[in-house]
Amino acid sequence: MLSQRDYYKSIYKTYGDSIALFNVAYIEDKFLYNTKEAVLIYSKIAQDYSTHPNLEYIDERLSEIKIDVNNLLKENNFNLRFNDALTLLNTFQLDSARNVLENIVVSRKSRMYETVNSLI
């Protein structure tokens, strides 16, 4: 995959071919799992090539990545707050632990819903 990516990069650098640039982003995204680089390239294409044939895909993919990042941030925030509550419980600071747990937002569909509520 690296050789293909490099091939498309060279085409883009030589000819300014936006399709080749898209191929670089797609390879970074789907095969090399380098989302950071893919986002940078997708964003460049969206900004510089307003009539690009893959613009709809690019917009959808950027939106998906944004949703994934937001979900990871929410999950990380939950984990941090839950660990804070457990630390407080382990040091017998029960009122403080309850306060932290009561301020954690957990969906009823989440497997952690019962755990958080039973700890409260």
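As the structure is a computational prediction, the values presented were derived from the model and not from experiment.
Heavy atoms of other residues, nucleotides or ligands lying less than 6.0 angstrom from CZ of Arg81 number more than 12. Summarising the local packing, CD of Glu64 is surrounded by more than 12 heavy atoms from other residues, nucleotides or ligands at distances under 6.0 Å. Counted within 6.0 Å of NZ on Lys13, heavy atoms from surrounding residues, nucleotides or ligands total 12 or fewer; the atom is thus considered open. More than 12 heavy atoms of other residues, nucleotides or ligands sit less than 6.0 Å from atom OH of Tyr57.
Interatomic distance, Ile27 CD1 to Arg5 CZ, rounded to the nearest 0.5 Å: 8.5 Å. Summarising the geometry, atom CG belonging to Leu89 is positioned 10.0 Å from atom OG belonging to Ser96; distances are rounded to the nearest 0.5 Å. Separating the CD atom in Glu60 from the CG atom in Asn54 is a distance of 11.0 Å, to the nearest 0.5 Å. Once rounded to the nearest 0.5 Å, the distance linking CG of Leu101 with CG of Asp84 reads 10.0 Å.
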Going through the checks in order, is the side-chain contact (heavy atoms from CB on, under 4.5 Å) test met by Phe31 and Tyr26? CA-CA 8 Å; Phe31 297 104; Tyr26 189 84; 3.8 Å; yes
Stepwise, does the side-chain contact (heavy atoms from CB on, under 4.5 Å) test hold for Lys9 with Gln4? CA-CA 9 Å; Lys9 274 186 180 181; Gln4 291 171 328; over 6 Å; no
Decide side-chain contact (heavy atoms from CB on, under 4.5 Å) for Asn70 and Lys66; before the verdict, give the C-alpha distance in whole Å, the side-chain angles of both, and the deciding distance to 0.1 Å. CA-CA 6 Å; Asn70 284 333; Lys66 184 177 181 179; 4.0 Å; yes
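Under the 4.5 Å side-chain heavy-atom criterion for ILVMFWY residues, a single connected hydrophobic cluster contains both Tyr7 and Met1. Leu80 and Leu88 sit in two unconnected hydrophobic clusters of ILVMFWY residues. Membership requires side-chain heavy atoms under 4.5 Å apart, directly or through other members. No single ILVMFWY cluster, assembled from side-chain heavy atoms under 4.5 Å apart, contains both Val24 and Leu55. When hydrophobic clusters are built by joining Ile, Leu, Val, Met, Phe, Trp and Tyr residues whose side-chain heavy atoms come closer than 4.5 Å, directly or via intermediates, Tyr15 is grouped together with Leu21.
In terms of modelled atom types and a separation under 3.5 Å, the side chain of Asn90 and the main chain of Leu86 share a donor-acceptor contact. Thr14 places a side-chain N or O within 3.5 Å of a backbone atom of Ser10 that can act as its donor or acceptor partner.
Looking at every heavy atom in both residues, Ala25 comes nearest to Ala38 through O-CB, 3.6 Å. In terms of heavy atoms, Ala85 sits closest to Val100 at CB-CG1, 3.9 Å.
Arg61 is listed as a side-chain neighbour of Lys30, based on a closest heavy-atom distance under 4.5 Å. Taking the side chain as every heavy atom from C-beta outward, Ile19 and His52 approach each other to under 4.5 Å.
Every residue two or more places apart in sequence or in another chain that forms a side-chain contact (heavy atoms from CB on, under 4.5 Å) with Phe78 is listed here: Phe82, Ile104, Val106, Met112, Val116.
Side-chain contact annotation: Asp95 with Asn99, donor-acceptor N/O pair under 3.5 Å absent.
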Let me have the donor-acceptor pairs involving side chains of residues 39-47, under 3.5 Å, with sequence neighbours excluded, atom names and distances please.
residue	atom	partner	partner atom	Å
Tyr42	OH	Asp29	OD2	3.2
Ser43	OG	Val39	O	2.8
Lys44	NZ	Asp48	OD2	2.7

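In this structure, Phe22 has its ring center no closer than 6.0 Å to that of Tyr49.
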